[in-house]
Amino acid sequence: IDLDSESDLGEAAFEDAKRLCKKLIEEKVQKHLFFSGNKGFHIAIPAAAIGIKPGPKEILEAQVRCLLTKLKPEYPSVDLRIWNANRKFRAHGSMHEKTSLYKIRLTDRNLSLSKMKISEIRELAKLRDIEVLPLFSECAVNPWLASLIADAQAVPGRSAPSLKLIPQGA
């Protein structure tokens, strides 16, 4: 889940990220919170917790789009553009090309996120986080998250362009 707020360099996104992480903790959902290196935050959660299973691209995209759309009213900085296979998150530890700040993990680092300011996080992001990410353990589907994708509707893929046969020599 990508949360961005450009006008305040990520302040609103940080507040939304903290509130969403609190909700995920209440729901007992595993998560990793990252500072993106610019104006936002990324929250990684296991697909299994949402009820997303491997399948056709159109169905997966519809489920993610539905999840984000339903989170947006409660967490206004949720970015609705990050739902398709063509949009990617930068890798953990990679440097942002505009700010030269690194994408860093904030969870499980003994940080007091509730008291931190965005300026302190930006300062932390000057140093590359090279710790290996802890893997998610197996998990059951969370009813709250599953309800957010329950009515996802796949958008039919674009049809292939029709071919026009041209007689040889024409």
Side-chain angles (χ1 to χ4, degrees), residues 1-94 96-99 101-108 113-114 116 118 121-122 125 129 133-158:
I1 301 168
D2 184 26
L3 301 108
D4 287 323
S5 59
E6 192 149 358
S7 62
D8 62 2
L9 295 175
E11 192 72 46
F14 185 39
E15 293 306 314
D16 283 352
K18 289 188 291 188
R19 287 187 310 106
L20 181 51
C21 283
K22 183 178 178 183
K23 174 69 172 169
L24 292 169
I25 289 167
E26 290 169 3
E27 292 288 332
K28 296 178 176 54
V29 175
Q30 301 171 71
K31 54 133 181 41
H32 294 303
L33 173 63
F34 300 89
F35 172 61
S36 72
N38 189 14
K39 62 187 181 329
F41 294 82
H42 301 158
I43 300 175
I45 53 179
I50 306 169
I52 293 177
K53 298 179 175 108
K57 177 181 153 224
E58 292 80 18
I59 292 173
L60 297 174
E61 288 180 347
Q63 290 174 326
V64 173
R65 187 173 50 247
C66 190
L67 170 76
L68 298 176
T69 301
K70 289 185 178 175
L71 287 173
K72 180 86 172 165
E74 185 71 25
Y75 309 97
S77 62
V78 166
D79 189 342
L80 296 177
R81 298 172 298 169
I82 310 298
W83 55 265
N84 66 9
N86 297 331
R87 304 279 271 168
K88 313 270 187 306
F89 286 129
R90 283 180 314 97
H92 167 244
S94 64
H96 194 281
E97 64 280 354
K98 293 179 189 171
T99 64
L101 298 176
Y102 291 97
K103 178 175 179 176
I104 58 169
R105 180 171 50 96
L106 298 172
T107 46
D108 304 320
L113 295 177
S114 62
M116 287 188 83
I118 193 74
I121 292 172
R122 295 179 84 75
D129 178 10
L133 281 176
L135 297 176
F136 291 126
S137 57
E138 287 195 35
C139 63
V141 175
N142 175 276
W144 173 67
L145 287 172
S147 73
L148 299 177
I149 67 164
D151 57 350
Q153 297 292 317
V155 176
R158 294 186 330 188

Between V29 and A49 the two heavy atoms that sit nearest each other are CG1-CB, 4.1 Å
Ring centres under 6.0 Å, that's the criterion: do F41 and F14 meet it?
yes
Is there a side-chain contact between L68 and L148 (heavy atoms, below 4.5 Å)?
no
Would you say the rings of H92 and F34 are close, in the sense that their centroids are separated by under 6.0 Å?
yes
side-chain hydrogen bond (donor to acceptor under 3.5 Å, both in side chains) involving E27 - partner list, sequence neighbours excluded:
K23, N142
Would you say K53 has more than 12 foreign heavy atoms packed within less than 6.0 Å of its NZ?
no
Are any of the side-chain heavy atoms of L3 and D79 separated by less than 4.5 Å?
no
L71 CG to I43 CD1 distance, which is reported to the nearest 0.5 Å
9.0 Å
Is a donor from one side chain sitting under 3.5 angstrom from an acceptor on the other, for E11 and S5?
no
Check this for me, if you would: do D151 and K70 make a salt bridge, where the nitrogen-to-carboxylate-oxygen distance has to be below 4.0 angstrom?
yes
In this structure, NE2 of H96 is separated from NZ of K39 (nearest 0.5 Å) by 6.5 Å
Mind checking whether R122 and L101 have side chains closer than 4.5 Å, heavy atoms only?
yes
By side chain to side chain contact (heavy atoms under 4.5 Å, CB included) - contacts of I25 (at least two apart):
K31
Can you list the residues that meet the side-chain hydrogen bond (donor to acceptor under 3.5 Å, both in side chains) rule with H32, with sequence neighbours excluded?
none
Is any side-chain heavy atom of V141 closer than 4.5 Å to a side-chain heavy atom of I50?
no
Between the side chain of Q30 and the main-chain N/O of I45, is any donor-acceptor distance below 3.5 Å?
no
Heavy-atom closest pair, residues A12 and S77:
O-OG, 4.0 Å
So which heavy atom on G40 is nearest to which on F35, and how close?
O-CD1, 3.4 Å
With a cut-off of 6.0 Å (strictly less than), are more than 12 heavy atoms of other residues, nucleotides or ligands near CD of E97?
yes
